[in-house]
Amino acid sequence: MLAQQTTDTTKTPTGSDNTNNHIVTDPDLAAMRALPRKPNESLSHIPGPKGLPIIGSSLNIIKDAPGFVQQLFAEHGPIFKASGFGSTSVNFCDIDAARMILLNKDKNFSSELGWARVAALLRTGILLRDFSDHRVHRRVLQQAFKRPVLENYATRLNAQLKTGVEAWPKQESFKFQTRLKSLLLDNAASLFMGAELGKESNLLNQHFVALLNATVSLSRREIPGTSWFKGRKGTRFLRNWLENQIDHRINSDEQDFFTTLLKLSQDPESEMSIEEVIDHTVLLLFAAHDTTTSTICSIVALLCEHTEWQGILREELQQITADSLSIDDFKQLPKTDQFFNEVLRHYPPIFVVLRRCIREFEYRGIKIPSNTQTNVNIHALHHHPDYWTNPHQFDPERFSAERAEHKKDMFQFLPFGGGAHKCLGINFAEIQTKILLFHLLRNYEVSTKPGRKLAFKHLPMPLPKDGLPVTIKAITR
Ligand code: HEM
């Protein structure tokens, strides 16, 4: 339970308006809290560009983040610094560094400090906690992702996604990204908050978009009109929206994530406050919503490009004779799995996993001073020429049982991260994606305009630049 916590009202080094309970007896947390709020930026001994005053290399990153990373990797090797969006970070692009940072055996890497920019928006959600504090909260949240709960989600997702796909326009072009996003938000609201959104769906979606855009805003000043201002407004809106549901939820019999945590917060033994429940719920919805939208958009965009794979997946999915897809059916879908993994390798929704080191350390002969932003660059790991054959080629067969390129090392393929903060929604994301593909591909053919060029924008997450206009046609069997 959460009873070991005591209240600590000191401001966190992230400067977030964080007033939650903290375990003050944990020496690693105390060391993290004692660090200056601003990260160390004295990194002249580390290779990498200085970039422009104030904005560093933000423009290069916005223009073409993968190209910029590949250029730095080619020039400097697997450790380089880069400045952008208000801070300078050291990027680590090899397996050993990923293992060291994510396994975090010496408790030297803080997620709360690493994701400080997000902490200023999302306060004390699970990703923004470290060490014993994180462990205690994670244990509680994991209840929402146990096998029986996932099976229940799968049953409900089959019904919701089937209806959703059937309601999309047929034989006429529409923006796939817009429709998908609102369908997935409706899923998440109903499964995690027991809420049917109806007309509110659009408004909530807008605030989630604002929140996501704020994570890569160039300035963090609350000036009206800026993306930071809109993101902060979005957070307040989402928190208020949840607060307004509390009275009704606490007295309901529903068993969704939000209601379950709220009831737990009422237990005198528990020290999870209502504030923390709200923080966890906003972060969960945020972590779930855009990552899955990005993944499914990338999958559909690439299925329109590689039409032979659309046929392969359709044939595989049509072998399931039932009208819904269960978790047990997944083992019959090796090709769907390969395609899913190759999309996540090529277009990982989380480009870099952010951490900050608490103490100085040395890696490959390079001294990294304390309080430095030390990021695991997932995109670079996924394109490292020592780990992948023709890494820039889109090739789902690399994940086949025969080739299994991803099995050389556990820290080579990390779309869902690794270690203590490994994605809580990994199974949920897989279930939602495969069920959507099941209802889409076995009944319909998806295409884009002939001659359309596949182009992605990569920040804040990979998404087709044009919103992915598609046409869906029923197939005759
Ligand atoms: C394809 C979709 C997804 C991808 C690629 C993805 C990726 C990730 C990654 C890389 C992390 C680790 C971040 C870090 O260590 O700093 C993470 C954490 C997390 N993800 Fe996901 N995610 C996805 C979907 C979801 C979904 C659907 C949910 C919820 C239903 C979710 C909830 C979370 C949470 C709560 C964390 C923080 C865990 C912790 O700090 O202990 N994610 N995700």
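Each ligand, and each atom within it, is numbered from 1 in the order the structure gives. The figures here come from the full heavy-atom set of this structure, side chains too, leaving out hydrogens, waters and symmetry mates.
When the shell of 6.0 Å around NZ of Lys407 is examined, it contains 12 or fewer heavy atoms from other residues, nucleotides or ligands.
In this structure, the side chain to side chain contact (heavy atoms under 4.5 Å, CB included) partners of Ala98, at least two apart in sequence or on a different chain, are Val376, Leu381, Phe411, Leu414. The salt bridge (Lys or Arg N to Asp or Glu O under 4.0 Å) test applied to Arg249 returns Glu254, Asp256, not counting sequence neighbours. When the salt bridge (Lys or Arg N to Asp or Glu O under 4.0 Å) test is applied to Arg398, the partners found at least two apart in sequence or on another chain are Glu342, Glu405.
Applying side-chain hydrogen bond (donor to acceptor under 3.5 Å, both in side chains) to Arg356 and the options Asn371, Asn40, Asn108, Thr374 leaves one that passes, Asn371.
Among protein residues, Trp115, Ile126, Leu127, His134, Arg138, Phe145, Phe192, Leu284, Ala287, Ala288, Thr291, Thr292, Thr295, Pro349, Ile350, Val353, Arg355, Pro415, Phe416, Gly417, Ala420, His421, Cys423, Leu424, Gly425, Phe428, Ala429 come within 4.0 Å of ligand 1, judged on heavy atoms.
Between Asp106 and Arg359 no salt bridge is recorded (no basic side-chain N to carboxylate O distance below 4.0 Å).
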